[in-house]
*Asks:* 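Take a look at this one; I'll ask things after.
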Amino acid sequence: MCGIIGYIGDRPAQPILLNGLRRLEYRGYDSCGIVTFLAQKNSLSVRKLAGKIRELEKILRKRPLRGNLGLGHNRWATHGVPNQVNAHPHTDCSQEIALVHNGIIENYESLKSQLLREGHDFKSQTDTEVIVHLIEKFYKYIPLEEAVRKSLKLLVGSFAIGVISKREPEKLVGARQGSPLIVGLGKNENFLASDAPAILDYTKEVIFLEESEVVTLTKDKIKITDLDGKEVIRQSTKISWDIVQAERQGYKHFMLKEINEQPIIMEHLLEMRIKKDTSQIIFAEQKIPEEKLKNIKHIFIVACGTAYHAGLVGKYILESICKLPVQIDVSSEFRYRKLVLDEDTLVIAISQSGETADTLAGVREAKKQKILVLSFCNVLGSTLTRESDGVIYTHAGPEIGVASTKAYTAQLACLYLFGLYLAGIKGLLSSTKINAGLQELKKVPKLQEAILRRQGEIAALARRYAYFGSFLYLGRNLNYPSALEGALKLKEISYIPAEGYPAGEMKHGPIALIDEYRAVVCINPESRVYTKMFSNIQEIKSRGGRIIALATEGDTKIKELTKEVIYLPKIDEFFSPLLVALPLQLLAYHIAVKRGCDVDQPRNLAKSVTVE
C-alpha cells in the first residue's frame with residue numbers, strides 16, 4: 001500500500017528520504033512528498049505533489065530541503081482524490097507537527113466533526129489529517145510521543161504513522177496498528193520505514209514493531225512502548241537479503257526479472273527444504289508439533305488474489321495426497337462468515353507480504369476460536385508470521401513488481417512440499433513415494449529454464465494478440481486455478497478484461513461469449529483430463545474463438561485446433577502448475593508491454609494491501 005520512510009541522524013535527510021521513496025515505488029502510489037526540519041529557521045518545510053517521485057525530484061532540485069530530520073511518503077489514495085493537498089505529509093494548524101500515515105481511519109468523520117467544532121482548520125479530504133490535529137490537541141505540555149499515544153487511543157482502523165515536531169527536533173516518533181512499520185538501526189542515525197527495501201542501503205539491522213506500539217527514535221537510541229507508555233524490550237533482526245536483489249539488474253522491468261528468477265529460486269528452495277540424499281523434508285521454522293499435525297482432520301485455506309490461486313492448487317494437492325477435506329475462501333469473505341471450525345482444523349494462511357489486512361483479520365478470527373494457524377509467507381518478521389502458530393517461509397526474495405510471479409510459484413512449491421510432509425507424518429505415503437514426488441519436484445527448475453528459453457516465441461505470439469478486446473482462460477482440475485491466475489495477470493497489467501473458468505462449465509453459459517473477437521487461452525498439458533479438455537477446445541473452435549493452447553511437447557493433435565501453441569516440457573500432471581505459470585506470466589507481460597502499460601506499477605493497484 002502506501003510507503004513511509006523516516007530519518008534522524010547526522011546526514012542530510014533529503015537524499016535518504018528520496019532514495020527510500022524510490023525503493024518503495026513498487027508498492028504502488030499516486031502522490032508523494034517529504035518534510036524536513038531546518039534548525040537554522042526552526043521550521044518544517046514540505047514538498048509534495050500528485051504524481052511520480054521523478055516529478056518531486058525536479059522540484060527539489062530547484063528548491064531543496066535542508067536538515068537532518070525528516071519524513072517521506074508515497075500515497076495510494078483512499079480518502080480524497082490524488083492531488084497536492086491530499087498528498088502526505090500533513091501538518092497541524094500551526095505548522096508545528098508533520099505526519100505521514102499508511103492505512104485507514106474508520107471513525108475519522110466523527111473525530112473531524114469534533115475537531116472542527118474545537119476550531120481546527122482542515123485543508124485536505126483525507127482521513128489522515130484527523131490524526132495530526134488530534135496530536136496537536138493533546139500536544140500542549142506533554143512530550144510528542146505521549147501526545148501520539150493519547151491520540152491513537154481514539155482511532156478506529158489501521159495505521160502506521162511517522163511524526164516529527166519542530167518543538168522537539170531531536171525526536172522521530174512512529175506507531176503501528178494493523179499496518180507494518182519497522183525501525184532501522186544505524187550508527188549516529190536511525191530510520192523508520194514501512195518496508196525493508198527503503199532502508200537496506202543504510203542498515204540491515206531492524207526491529208519489527210508489534211501491534212499498538214509506539215517508538216521514539218533519536219539519532220543515538222530508540223525506545224518502544226505500548227499505548228499506555230509501558231516500555232517494551234525487543235531484540236533486533238538481521239535482514240538476510242541484499243538490496244541488489246531488489247534492483248532490475250539489466251532487465252527492462254522488475255516483473256520480467258522476477259519471471260526469469262523462478263528456476264534459481266525453485267532450485268534454492270528445494271535444496272533448503274530437502275535433506276541431501278534423503279526423502280526428509282525440513283521446515284525448521286515450522287513450530288507446530290508433528291503430533292498436532294498428525295491429528296488434523298480438516299484444513300481451511302485463506303488468502304487473497306494470487307495467493308488465493310496458489311491456495312486453490314494447494315486444495316487439490318492436500319486432498320489428493322493427504323486424504324483430507326480442504327475448504328478455501330478469499331480472506332475478505334472468510335473473516336465475515338459464521339465459521340464452523342473445530343479443534344481438529346488447521347487454517348493455512350497464504351500471503352506474500354504477510355501484511356494483507358483481510359488475511360490477518362481471518363487469522364485473528366481463527367485464533368479467537370483457538371484454531372491452529374500455519375502461514376506461508378515471503379517476508380521475514382511480518383505480522384502474519386508473528387501471529388501464526390507455525391510458518392513456512394517461501395524464500396522468493398524481494399518481489400518488487402506489483403503483479404506477483406515468483407512468489408506464486410514459490411508458494412506452490414512450498415504447498416507441494418508441505419503436502420508430501422503431511423502425508424508422510426500421517427502415514428499415508430511411504431518414504432519411497434515421497435522420494436518419487438521429491439525427485440519430480442527437483443526436475444522443475446531445469447524445465448522452467450527450458451520454458452524461459454522460448455521467451456522470443458511467446459513474445460511474438462503476445463504481440464499478435466495484444467489488441468484483442470477480451471480474453472478467456474480455461475483449465476481443468478489442477479490447472480483450473482492456473483486459468484484464474486493467468487486471467488488475473490493479464491487484467492492486472494494490461495487492463496484487458498479477462499476471465500478464468502473451469503473448461504467443463506463452458507456449456508453452462510460462457511460459451512455464449514465466444515466469437516472471433518475473443519481470445520481463448522486453453523491450458524491442456526498431458527493429463528487424465530486431456531481428452532475432456534480437447535473436446536472443450538473443439539467447442540470453442542467450432543464457434544470461431546481465437547485459441548492459444550498450452551500443451552505438452554510432442555502433442556501434435558493439438559495442432560488440429562490451433563496454430564498458436566505454447567509447448568511445455570513433459571512432467572507428471574500433478575506438478576504441471578509449476579510449469580504452466582511461466583508462459584501465462586510471459587504472455588501477460590508481453591501483451592502489456594506491447595500496449596504501452598506500466599507493467600511494474602499498474603494503475604490503481606498496490607503491492608501490499610493493508611486496508612480492507
Side-chain angles (χ1 to χ4, degrees), residues 1-77 80-92 95-102 123-124 126 128-129 132 161-166 169 171-172 174 184 186 189-195 197-203 217 219 243 246-248 400 598 600-601:
M1 196 59 75
C2 309
I4 287 174
I5 173 72
Y7 176 77
I8 185 167
D10 292 334
R11 289 193 268 184
Q14 177 182 299
I16 293 171
L17 298 175
L18 278 174
N19 186 56
L21 292 182
R22 282 192 293 268
R23 296 292 189 196
L24 293 172
E25 280 191 293
Y26 72 92
R27 295 169 72 92
Y29 69 105
D30 45 50
S31 56
C32 54
I34 68 174
V35 60
T36 64
F37 171 74
L38 183 59
Q40 293 91 324
K41 294 185 177 180
N42 189 34
S43 65
L44 297 174
S45 297
V46 177
R47 307 278 188 270
K48 60 180 183 176
L49 50 75
K52 298 297 184 182
I53 291 166
R54 59 180 174 269
E55 301 302 321
L56 180 62
E57 289 174 320
K58 290 178 185 177
I59 293 173
L60 290 167
R61 279 195 289 271
K62 295 178 181 178
R63 299 169 57 215
L65 294 177
R66 313 296 180 193
N68 311 108
L69 167 69
L71 293 164
H73 191 267
N74 294 337
R75 178 179 185 247
W76 186 82
V81 299
N83 61 26
Q84 184 180 34
V85 174
N86 290 331
H88 298 213
H90 290 286
T91 56
D92 66 328
Q95 307 292 302
E96 184 176 58
I97 307 163
L99 175 142
V100 294
H101 164 232
N102 293 352
K123 304 177 185 68
S124 77
T126 67
T128 298
E129 198 179 353
V132 75
I161 63 170
V163 191
I164 60 176
S165 165
K166 69 178 186 180
K171 291 178 182 176
L172 167 60
E189 60 185 3
N190 285 307
F191 307 83
L192 198 64
S194 51
D195 203 357
I199 57 176
L200 282 184
D201 284 310
Y202 314 105
T203 182
L217 296 80
K219 70 174 188 175
I243 195 62
E247 295 177 339
R248 286 205 302 266
I400 306 302
D598 189 342
D600 286 334
Q601 296 171 41

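Just the heavy atoms: all of them, side chains too, but no hydrogens, waters or symmetry mates, feed the values below.
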*Asks:* Checking Asp30 against Arg75 for the side-chain contact (heavy atoms from CB on, under 4.5 Å) test, could you report, in this order, the C-alpha distance in whole Å, the side-chain angles of both residues, the deciding distance, and whether it holds?
*Replies:* CA-CA 6 Å; Asp30 45 50; Arg75 178 179 185 247; 4.2 Å; yes
*Asks:* Can you name the residues that form a side chain to side chain donor-acceptor pair (under 3.5 Å) with Asn86, not counting sequence neighbours?
*Replies:* Asn83, Gln125
*Asks:* Who passes side chain to side chain donor-acceptor pair (under 3.5 Å) against Lys52, sequence neighbours left out?
*Replies:* Gln601
*Asks:* Identify the heavy atoms of Leu44 and Val35 that sit nearest to each other, and give their distance.
*Replies:* CB-CG2, 4.1 Å
*Asks:* Just say parallel, tilted or perpendicular for the rings of Tyr202 and Phe191, cut-offs at 30° and 60°.
*Replies:* parallel
*Asks:* Considering residues at least two apart in sequence or located in another chain, which fulfil the side chain to side chain donor-acceptor pair (under 3.5 Å) criterion with Asp598?
*Replies:*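 Expected list: none.
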*Asks:* Taking all non-hydrogen atoms of both residues, which atom of Gly6 and which atom of Leu172 are closest, and how far apart?
*Replies:*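 That would be C-CD2, 3.8 Å.
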*Asks:* Kindly indicate whether the side chain of Pro89, heavy atoms from C-beta on, has any atom under 4.5 Å from the side chain of Ile34.
*Replies:* no
*Asks:* Applying the side-chain contact (heavy atoms from CB on, under 4.5 Å) test to Ile8, which of Asn68, Leu217, Ile164 qualifies?
*Replies:*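 Single side-chain contact (heavy atoms from CB on, under 4.5 Å) partner of Ile8 among Asn68, Leu217, Ile164: Leu217.
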*Asks:* With sequence neighbours left out, write down each residue that passes ring-ring contact (aromatic ring centres under 6.0 Å, His included) with His90, or none if nothing qualifies.
*Replies:*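 Expected list: His88.
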*Asks:* Determine the minimum heavy-atom distance between Ser31 and Ala50, stating which atoms define it.
*Replies:*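 Smallest heavy-atom distance, with atoms named: CB-CA, 3.6 Å.
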*Asks:* So with a 6.0 Å cut-off around NZ of Lys41, is the heavy-atom count from everything else above 12?
*Replies:*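 Count not over threshold, so no.
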*Asks:* Using side-chain contact (heavy atoms from CB on, under 4.5 Å) as the criterion, list what pairs up with Glu57, not counting sequence neighbours.
*Replies:*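 Counting only residues at least two positions away or on another chain, Glu57 forms a side-chain contact (heavy atoms from CB on, under 4.5 Å) with Leu18, Arg22, Ile53, Arg54, Arg61.
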*Asks:* If the condition is ring-ring contact (aromatic ring centres under 6.0 Å, His included), which residues does Phe37 pass it with, not counting sequence neighbours?
*Replies:* none
*Asks:* Using 0.5 Å steps for rounding, measure from the CG atom of Asn102 to the CD1 atom of Ile161.
*Replies:* 10.5 Å
*Asks:* Could you grab the distance from atom CG of Leu17 to atom CD1 of Ile4, nearest 0.5 Å is fine?
*Replies:* 12.0 Å
*Asks:* Please report the shortest heavy-atom distance between Ile199 and Ala193, naming the atom on each side.
*Replies:*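 Ile199 and Ala193 have their closest heavy atoms at CG2-CB, 3.9 Å.
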*Asks:* Between Arg47 and Arg63, is there a donor-acceptor pair closer than 3.5 Å when you use the side chain of the first and the backbone of the second?
*Replies:* yes
*Asks:* Indicate yes or no: at least one non-hydrogen side-chain atom of Asp201 is less than 4.5 angstrom from one of Arg23.
*Replies:* yes
*Asks:* Restricting to side-chain contact (heavy atoms from CB on, under 4.5 Å), what partner residues turn up for Glu96, sequence neighbours left out?
*Replies:* Asp92, Ser94, Tyr139, Ser165, Lys166, Arg167
*Asks:* Taking all non-hydrogen atoms of both residues, which atom of Gly51 and which atom of Cys32 are closest, and how far apart?
*Replies:* O-SG, 3.7 Å
*Asks:* For Pro64, give me all partners under side-chain contact (heavy atoms from CB on, under 4.5 Å), at least two apart in sequence or on another chain.
*Replies:*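 With sequence neighbours excluded, Pro64 shows a side-chain contact (heavy atoms from CB on, under 4.5 Å) to Gln14, Arg66, given in chain and number order.
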*Asks:* Starting at CD1 of Ile16, measure out to CD1 of Ile5 and round the result to the nearest 0.5 Å.
*Replies:* 8.0 Å
*Asks:* What residues, two or more places apart in sequence or in another chain, satisfy side chain to side chain donor-acceptor pair (under 3.5 Å) together with Gln95?
*Replies:*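 Partners of Gln95 under the side chain to side chain donor-acceptor pair (under 3.5 Å) test: Thr91.
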*Asks:* With sequence neighbours left out, which residue pairs that include part of residues 9-18 fulfil the salt bridge (Lys or Arg N to Asp or Glu O under 4.0 Å) condition?
*Replies:* Asp10-Lys219, Arg11-Glu189
*Asks:* Where is the tightest heavy-atom contact between Gly70 and Ala13, given as atom of each residue plus distance?
*Replies:*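 Of all heavy-atom pairs spanning Gly70 and Ala13, the closest is N-CB, 4.2 Å.
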*Asks:* Distance alone, cut at 3.5 Å: any donor-acceptor contact between the side chains of Thr128 and Thr126?
*Replies:*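 Result is no, nothing qualifies.
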